[in-house]
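What follows is a short report on a single structure.
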2 protein chains.
Amino acid sequence: MKKDALDLISSQVVRKTLAQQVEEQIIDLLISNKLKPGDKLPPEMELMELLGVSRPVMREAMTSLESLGIVKRKTRDGTYFTESISNKPFSTMLSLVSDNIEAIVEARTSLELGLVTYAAEKMTDETLEALNDTIIKMENSVDNEYGEHDLMFHRIIALSVNNPVLQGMIDSLLLSHVKINAQIKYREKEKTIRHHKAIYEALKKKDPQAAFQAMYNHLKFVEGKVLE
Amino acid sequence: MKKDALDLISSQVVRKTLAQQVEEQIIDLLISNKLKPGDKLPPEMELMELLGVSRPVMREAMTSLESLGIVKRKTRDGTYFTESISNKPFSTMLSLVSDNIEAIVEARTSLELGLVTYAAEKMTDETLEALNDTIIKMENSVDNEYGEHDLMFHRIIALSVNNPVLQGMIDSLLLSHVKINAQIKYREKEKTIRHHKAIYEALKKKDPQAAFQAMYNHLKFVEGKVLE
DNA sequence: ATTAATCTAATTGTAATACAAATAGAATTA
DNA sequence: TAATTCTATTTGTATTACAATTAGATTAAT
């Protein structure tokens with residue numbers, strides 16, 4: 001795409017690489033509902049011709065979209081829009097601050113304090129049962145092998161809010177948190193269970209304030225353990 | 001990089017494109033502290049040779065990193081790691097769910113409820129003054145042109161927590177929210193000011209619970225306005 | 001000496017082409 | 001009908017060439 005006199009004005013305004021422009025145009029296909037999540041995109045060759053760019057440019061755009069988790073490419077098959085919001089970029093960002101444990105722990109706490117208030121509003125019997133199940137499994141666990149159920153308790157709460165934006169964020173944060181938790185020396189199973197039960201009771205009452213309070217107590221305790 | 005017999009095992013394991021591998025290796029430069037935010041990367045040519053890949057592959061990786069907001073490229077100058085965590089990928093993700101107003105509003109509320117509790121713990125006199133300033137400006141505003149100060153109030157709270165992870169998330173969310181707010185018909189300046197004052201007082205007392213409660217009241221009110 | 005204008009070479013940006021690798025689906029065979 | 005082989009499509013990688021931009025050097029003007 002050589003520059004000629006006619007480009008003068010527009011190129012002064014946009015100041016973006018072709019790859020970036022292509023990236024936006026592909027995203028626009030989603031936003032404008034021309035294509036939907038899960039749909040297959042035309043092959044590179046067609047898109048190149050359609051948008052009037054070279055293959056490297058098209059591939060740069062596609063690779064970016066893939067690293068954003070917006071599309072998924074399969075050799076010989078094709079390129080597809082992903083079904084749901086990806087937490088990939090989020091995880092990448094978190095890996096960049098993995099040394100800043102305090103920031104990750106705070107972010108997790110912040111998000112989950114908000115989440116639990118919504119969870120209280122939206123709580124269902126099924127979710128309550130699932131939560132209770134994790135508590136029982138924790139009680140029955142031997143040694144300190146209850147991390148899995150601990151994590152599940154929090155994920156179920158996040159999931160129950162049924163919000164794709166929050167879901168993507170908290171998933172990555174909880175995952176980072178697991179790694180951090182692994183370094184805790186003295187775990188306190190009984191206290192954790194007591195906290196989870198308190199949260200459970202507040203959610204059962206569908207009381208946002210109480211749920212916040214219970215989660216606040218719990219996460220402050222976790223924070224204390226994690227940050228020495 | 002042609003495949004030969006020696007690659008057999010490793011290539012079975014990794015299953016990633018070269019561009020993705022290069023992307024990770026560049027990121028590793030940051031994680032391992034070999035390079036720091038703001039640092040200049042070697043030119044493409046050098047990196048190609050260093051990592052043994054072709055230019056298109058290197059450029060795909062770089063374009064991805066740029067769309068993640070991790071690097072910034074300048075023609076003739078070079079490529080630099082960005083200084084701080086970018087909210088670019090969040091903004092992109094949010095644009096994909098821009099039709100799901102409820103999800104965005106909920107995410108904003110969730111995050112800010114958590115933020116404000118930390119803000120209460122960390123509150124300083126300077127921040128309090130800055131917050132009060134926005135309230136005064138709102139009171140002095142004519143008509144309904146107080147959106148700017150309203151936004152600033154919330155941004156100052158977010159900023160005061162001084163957490164790069166949370167900062168990136170809330171920035172994008174508040175920006176999305178501004179667009180949503182613009183569609184509110186009847187604005188209620190007096191009530192908004194009253195709410196902000198209540199939040200301010202709670203923060204002044206450094207009382208996380210009270211701050212949460214005040215913010216909860218405020219955001220539930222905002223939610224009500226936004227979601228019809 | 002200072003500023004302004006010009007030049008130039010380093011770096012990123014775009015394109016064209018060729019071939020390799022993987023594999024969904026068709027064709028073939030058992 | 002099921003297993004196998006083939007094939008052609010699509011993505012993955014490499015090479016080469018040139019265009020566009022502009023930081024910094026150079027030169028010219030004041």
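A note on names: the letters A, B, ... follow the listed sequences, proteins ahead of strands, and every chain is numbered from 1.
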Determine yes or no for a side-chain-to-main-chain donor-acceptor pair under 3.5 angstrom, with [X] supplying the side chain and [Y] the backbone.
X        : Y        : answer
B:Gln21  : B:Lys16  : yes
B:Glu49  : B:Glu46  : no
A:Thr127 : A:Met123 : no
B:Asp28  : B:Ile31  : no

Does [X] have a side-chain nitrogen or oxygen under 4.0 Å from the phosphate oxygens OP1 or OP2 of [N]?
X       : N      : value
A:Thr79 : D:dT10 : no
A:Ser54 : C:dA15 : yes
A:Arg73 : D:dG12 : yes

For atom [atom1] of [X] and atom [atom2] of [N], their distance in whole Å:
X       : N      : atom1 : atom2 : result
A:Met58 : D:dT13 : CE    : P     : 18 Å
B:Met48 : D:dT15 : CE    : P     : 8 Å
B:Gln21 : D:dA14 : CD    : C1'   : 16 Å
A:Met45 : D:dT11 : CE    : C1'   : 10 Å
B:Gln20 : D:dT13 : CD    : P     : 8 Å
B:Lys40 : C:dA10 : NZ    : P     : 12 Å
B:Tyr80 : C:dT12 : OH    : C1'   : 12 Å
A:Arg55 : D:dT16 : CZ    : C1'   : 16 Å

inquiry  = Using a strict threshold of under 4.0 Å (side-chain N to carboxylate O), is an ion pair present between A:Arg73 and A:Glu44?
reply    =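 The answer is yes: the pair qualifies as a salt bridge.
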Residue met sooner reading DNA chain D from 5', once B:Pro56 and A:Pro43 are mapped to nucleotides = A:Pro43
Quick one: which of [options] gets closest to the side chain of [X]?
X       : options                : answer
B:Arg59 : C:dA16, D:dT11, C:dG13 : C:dG13
A:Asp77 : C:dA15, C:dA24, D:dT13 : C:dA24
B:Glu44 : C:dA24, C:dT14, C:dT12 : C:dT12

remark   = Taking for A:Lys74 and for A:Ala19 the nucleotide of DNA chain C with the nearest heavy atom, the one nearer the 5' end belongs to A:Ala19
inquiry  = Between the base of D:dG24 and the side chain of B:Arg76, is there a donor and acceptor pair under 3.5 angstrom?
reply    = no
